[in-house]
Structures are given as C-alpha cells and as structure tokens.
Amino acid sequence: MKTTKIRLLISLVLSFTLVSSVLSGCSSKSTNADSNKETQVSKGDGEPLGKYSPELNVTVANFMDSTVKFPQGQSNTDNVWTKAYKDNLGINVKTLWVVDTQQFEQKMNVTIASGDLPDIFPVTGKQLSQLVESGSIEDLSSVYDKYASDLTKDIYSQDKQLFELGKRDGKLYGLPNTGGSSALDTPQMLYIREDWRKKLNLPEPKTIDDFFKIADAFTNQDPDGNGKKDTYALALHKYVAGAPLQGFADLQGLANAFHAYLTTWIKDDSGKIVYGSIQPEVKVLLQKLQDMYKNGQIDKEFSIKDMAKATEGVVAGKVGMEFGMMWNPFFPLQSSIVNDKNTEWKAYPIPTSDGKPVKVSTSVTTQNFWVVKKGFKNPEAVVKMLNLFTEKFWGKTADNNLANGDGVDFVPFKYALPQAWPAKKNVNIHNNIVTALKSNDASKLNPEEKGYYDKIQAYLKNGDVQAGWGTNAIFGENSTYDVINYYINNNMYLYNEYNNIPTPSMVDKGSTLDKMENETFIKIIMGAPIDEFDKFVENWNKLGGDAITKELNEAK
C-alpha cells in the first residue's frame, strides 16, 4: 500500500544520494524579525538570484540524518550553506529547530498543531494537504513562475510527474525536495554470480526460461566446487511483499518478469486504478516461487530472515542470484567480493516471461516538500534559495565547497535547505565516467564524477576492492547504470499511480492489508494451496481494499 521506502535505503549506501539531516535541536517560538513586517526589496526585482537589501530574516525548521558531519566551527544551524544564503541572497536563516530524520514527521505534526509555523519549512505529502486545506501556507505558483531560474525549471521539467506532487487543485504549494536519486534510479534488476554462470556454461538470462535453467544449475551442479550441495539460487527475505519492499532480495523484480507489480497501483485496461498485488499475474508468480522453494532453489529459512540476515548467504558465497536496485553492489555484493576475490557479480535487465517487453515498476515520490507560511511577505525567498542550490551544483558558478566537499567526511550539500536534482543526474554521471575511462581523460568530469572515477581507477589499476569495486559496478562499464540506460532507452518504466498521500482507508487499514499480503504470499511460497491467493484477494477487498481503491480513483 505504502510507497516503497527506497530513499532511506539508498541514502545508507550511496554518497551521492540526499540524506536529510542530523541532531535534535532546540525548539523555540516562531517569531519574525521586525524587518519582515514590510516587504523586502530585492536588487533587480524578479531576478532568480537577486540579493535582498536590506537583508531578509527567515525562520526555518529542518531535519538531518544523524550521520551528517560538520567541519570544526560549523553546525546544523551555522554552516557553509547558511553563510551562502546570506552572502549571495541577503537571507539570514534562523533555525528554530532541527531533529533527526526519524523524528521529523512527529515533530512537524506538533508544530502544525500549535499553529506556530516557521516562515519556510519542509513537510510530508500528507502534511502538505492538511496545510492547504487549513489555508496555512502560501500558493507559490506565481512566485515560482517569476523567480525560478531557467536551470531550476529545467531540472523540475525532467521529472514533471514529481513536480506535480507539490500541487493541489492545480496550484503549486510545495517545492518537491527531489533528493539525489529519481524514479529512473529505482527499478529492480537481476544480479547473477557471473563466475558461476560462466563455469557451468549457462546462458545469459534473456528469458524466464533462462532464469529457471540457471536457478536449477546453481542449486544442483555444485557451482562453488566444494563437493557439497550447499548452494541455492535465489536470495529472499521475509518481506517478500507488502510495505515496505526493501530494494534487495524481495520479489518486485521477478514479479515484473511476469507483468506483475507488487505493492504498486496500476491502471487496468479501462483506465481504472487497481492494486497490482491482487491481479491474476501474481498468482502465476507465486506458483513459480512455490516450485522453486520445493526444489531447494530458495533458502528454506527465508521466512524468518530480515534483509540483514538474507545478506549473509550472499556474502558467504552460497547464493547465486538476487533481484534488487542499482545500489546493491555497494550493499551487500561488495562484501562478497572482499571475502572471495574470485567472486564476480553482473547486473542484467529483468528477463521476459513471454517474449513481450517487460515493464519495470517505479514510483514518482518525494519524502518532503518545502512550503511557506501563509502571510510571509517574501514567499519568493524559498524559490531563490532553491535557485542557489541548483546554481552551485550545476550552474556557471558551481562550487564544490557547497556541493560534494571531500565526498567522505564532509558533504556540504546535505546542509542545504530546499534542493532539486536532475532526474538523469546519476545516469549522466555514469555516461561521463565511461567516456573518461575509454579515453583515459578525466579532465571534463565535475568534482563528484572525478571522485567516483578515482575510486574506479583504484580498483581497476590497483585491485582495491574495498575502495572501488562497488563504485565500478554502479558507475563503470557493464554496470548497473548500463541496465538503467537500457530501461530508459527502451521506454520500460511503469509508474505507480499512487502519489504517496494516504487516503483515509489507507490510514485505517493499510498496515493490516500489507501484513496480510506478505503473510499470505509467504505461506503460498512455502507450500500452501495456490488457491489461497484467491481467498487473499477476496479478503483484501472486504477488509478495506475496495474502499481504498474507490478513494484513489475519486481523487485522481
């Protein structure tokens, strides 16, 4: 029911992905400085980066992941970005509170309930709707049209569906914080122990028949050569379906091969929004998985293992395949290479089950939106702050001291407030790095790309697996982004019709339905009659699914 929580997972393993924020900060009353009582004057009215004179005082709230680090003398309320807002835009940022990412939604709910709002602040999709209904935030449509820079508009235009999430009744109320990954980055792919496949002279997995042939061989033909039948084909964990899908070793990728879309809202032939997990294609998928489990191709104990436990078989060299997202080389595949340098993993596009083109499922979503309190005299300030971010990352005055920093200990973009990233940012990084690798010329790479390039070279030239294998497997040649490019070039994306704003019945029944879905699918995989799927569909509809479906269709 709920949108896949992939940004949290990606943020744990990719340095280029947006991590939101750090540290519990002190809360205080929201008070506008006296200078905000009158509209501030900007040099060059309407200029995207025009500087306020006199300076504009702005109160904000924010959240950061607890792993974010600051150089000596900087903090989550006083850092290179608060200085940049002042020096470039004449905006003095006063941070009322900062909390850890996990505490943000609750803290913001309390703030909204109090009615004591900051001038500019981030909210979830649900909170955005509540604030619009109560008339508590500004309509940003006109100030966005007037003040957004060409670069900012171009970046948002690359992901129009995501930009639309910030609108209600056709009016723009929230600027989507798009993060360092986009919907283009999140489909699953098939990872295979390529050394095993080559050793056993097996075909590349272009069809589902190829996949099952490989699965049988990885289970029964002793691919690790130890003389024991102690390997199995497919990594899987106990969160096979329902929310949250994990992005590693769940069933979404294999489901897509059968034109099935777990935990995804799709359109049927009539244009009605329906839930993917209750469609007939899923029944076919579950029968195939039941056969695999019976034949020893899936870990017999998968139903009691979370994602962390499921990685153990991969790292120990006992599993030959898994479906996951593009970041899997960083976690957990690289650890298997560290353990055994002869291990080789390769990512493949999802194979077809019937010769028809596969559609890979993805979701257009964002964790938060930046909004402006109703009555704040300078609502365009949030747009200008966003312009500064896009300019300092990709504009003519790009500044690595505000962007990626050293890329290890201090990554200053994480300190910035509103952010927008190009949808093809990571694909472009891959393409540029591959060009540099082929030409042996890294002079045209930006600082972020050069950082990845150097890590890849550390692996290719010096065999430094820890430093560069995962980076090479994601951004280098024959990498996961080659698969993403394949998906893009062949128009293979199927987008979730759910916009991440829960309906009333979702709030009441969603978690119960998710749990029932996951438990039923596990039982069927482990041998329960396949007709249990039909009972599940009936119960899902009765216990709230019909109501949710009705609400989503009425809201579209």
Side-chain angles (χ1 to χ4, degrees), residues 188 190 205 208-223 228-246 248-264 275-314 316 318-324 350-351 353-354 512-543 545:
Q188 296 200 0
L190 173 60
I208 206 66
D209 289 338
D210 295 333
F211 169 79
F212 286 123
K213 182 176 182 179
I214 295 169
D216 178 74
F218 281 3
T219 305
N220 297 307
Q221 294 184 24
D222 190 25
K228 301 177 182 179
K229 190 177 179 180
D230 59 354
T231 57
Y232 52 95
L234 186 64
L236 203 60
H237 54 69
K238 65 181 181 180
Y239 300 110
V240 296
L245 290 176
Q246 306 286 298
F248 160 76
D250 56 51
L251 292 180
Q252 188 69 283
L254 185 56
N256 291 171
F258 289 95
H259 311 294
Y261 307 96
L262 304 180
T263 73
T264 303
Y275 189 49
S277 292
I278 65 171
Q279 304 309 308
E281 292 82 3
V282 177
K283 188 175 182 178
V284 177
L285 166 70
L286 293 174
Q287 181 64 70
K288 295 292 186 180
L289 285 160
Q290 187 180 91
D291 294 340
M292 291 185 72
Y293 183 81
K294 181 180 179 181
N295 294 330
Q297 296 171 7
I298 297 172
D299 182 1
K300 293 296 184 183
E301 298 182 344
F302 84 91
S303 64
I304 61 172
K305 293 183 176 180
D306 60 15
M307 187 173 72
K309 292 296 290 185
T311 67
E312 293 177 359
V314 171
K318 297 301 178 185
V319 187
M321 293 188 287
E322 66 99 356
F323 289 90
I350 302 297
S353 61
D354 55 7
T512 299
L513 295 178
D514 287 339
K515 182 179 179 182
M516 179 175 67
E517 176 181 339
N518 197 67
E519 290 177 348
T520 301
F521 287 9
I522 286 177
K523 289 177 182 177
I524 293 174
I525 293 169
M526 297 180 71
I530 192 65
D531 288 344
E532 288 292 317
F533 176 76
D534 302 314
K535 295 179 182 178
F536 156 71
V537 174
E538 182 179 354
N539 290 331
W540 186 89
N541 284 317
K542 285 182 180 178
L543 297 176

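- No donor-acceptor pair closer than 3.5 Å links the side chain of Asp306 to the backbone N or O of Ala310.
- Heavy atoms only, all atoms of each residue included: Pro205 and Asp210 are closest at CA-CB, 3.8 Å.
- Relative to the ring axis of Phe302, Lys238 does not place its NZ or CZ within 45° and under 6.0 Å from the centre.
- Leu286 has its side chain within reach of Ile530: a pair of non-hydrogen atoms, C-beta onward, lies under 4.5 Å apart.
- Here the options are Asp222, Asn220, Thr219, the test is side-chain hydrogen bond (donor to acceptor under 3.5 Å, both in side chains), and the partner is Lys229; only Asn220 passes.
- Going from atom CG of Leu285 over to atom CD of Gln287 covers 10.5 Å, rounded to the nearest 0.5 Å.
- In this structure, the side chains of Met516 and Trp540 come closer than 4.5 Å at one or more pairs of heavy atoms.
- Residue Lys288 qualifies as open at atom NZ: its count of foreign heavy atoms under 6.0 Å is 12 or below.
- Here the closest non-hydrogen pair linking Ala249 and Glu322 is N-OE1, 3.4 Å.
- Residue Pro223 comes nearest to Thr231 through the heavy atom pair CD-OG1, 3.4 Å, listed as atom of the first residue, atom of the second, then distance.
- With hydrogens and angles disregarded, a donor-acceptor distance shorter than 3.5 Å links the side chain of Ser277 to the backbone of Thr263.
- Ring geometry, Phe536 versus Phe521: the interplanar angle exceeds 60°, so the pair is classed perpendicular (tilted spans 30 to 60°).
- For the pair Glu532 and Lys535, the salt-bridge criterion is met [side-chain N within less than 4.0 Å of a carboxylate O].
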Point to revise | Audit row: Gln188, Asn256, side-chain contact (heavy atoms from CB on, under 4.5 Å) steps and yes/no | key: CA-CA 9 Å; Gln188 296 200 0; Asn256 291 171; 5.5 Å; no
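- Across Val319 and Ala235, no two heavy atoms sit closer than the pair CG1-N, 3.4 Å.
- Taken from CD in Glu301 to NZ in Lys309, the straight-line distance is 9.0 Å, to the nearest 0.5 Å.
- Counting heavy atoms from C-beta outward, Met321 and Ile214 have side chains that approach closer than 4.5 Å.
- Between Leu289 and Leu251 there is a side-chain heavy-atom pair separated by less than 4.5 Å.
- Here the side chains of Phe211 and Leu254 are in contact, with some heavy-atom distance below 4.5 Å.
- Remark: the backbone N or O of Ala528 is paired with a side-chain donor or acceptor of Gln290 at under 3.5 angstrom.
- Salt-bridge formation is detected for the pair Lys283/Asp534: a Lys NZ or Arg NE/NH1/NH2 atom is positioned less than 4.0 Å from an Asp or Glu carboxylate oxygen.
- In this structure, the side chain of Glu281 does not engage the main chain of Phe258 through any donor-acceptor pair within 3.5 Å.
- A donor-acceptor pair is defined here as one N or O able to donate and one able to accept, closer than 3.5 Å; such a pair exists between the side chain of His237 and the backbone of Phe248.
- Two residues are said to be in side-chain contact when any heavy atoms from C-beta on lie closer than 4.5 Å; Asn539 and Thr520 fail this criterion.
- Atom OG1 of Thr512 sits about 8.0 Å away from atom CG of Leu543, to the nearest 0.5 Å.
- Using modelled atom types, one side-chain atom of Gln252 and one backbone atom of Leu262 make a donor-acceptor pair closer than 3.5 Å.
- What you find for Ile208 and Ala257 is that their closest heavy atoms are CD1-CB, 3.9 Å.
- With hydrogens and angles ignored, the 3.5 Å screen pairs a side-chain donor or acceptor of Asn541 with a backbone N or O of Val537.
- Between Phe218 and Leu234 there is no side-chain heavy-atom pair separated by less than 4.5 Å.
- Proximity of a side-chain donor or acceptor of Lys300 to a complementary backbone N or O of Tyr293 within less than 3.5 Å is detected.
- Proximity of a side-chain donor or acceptor of Asp250 to a complementary backbone N or O of Val240 within less than 3.5 Å is not detected.
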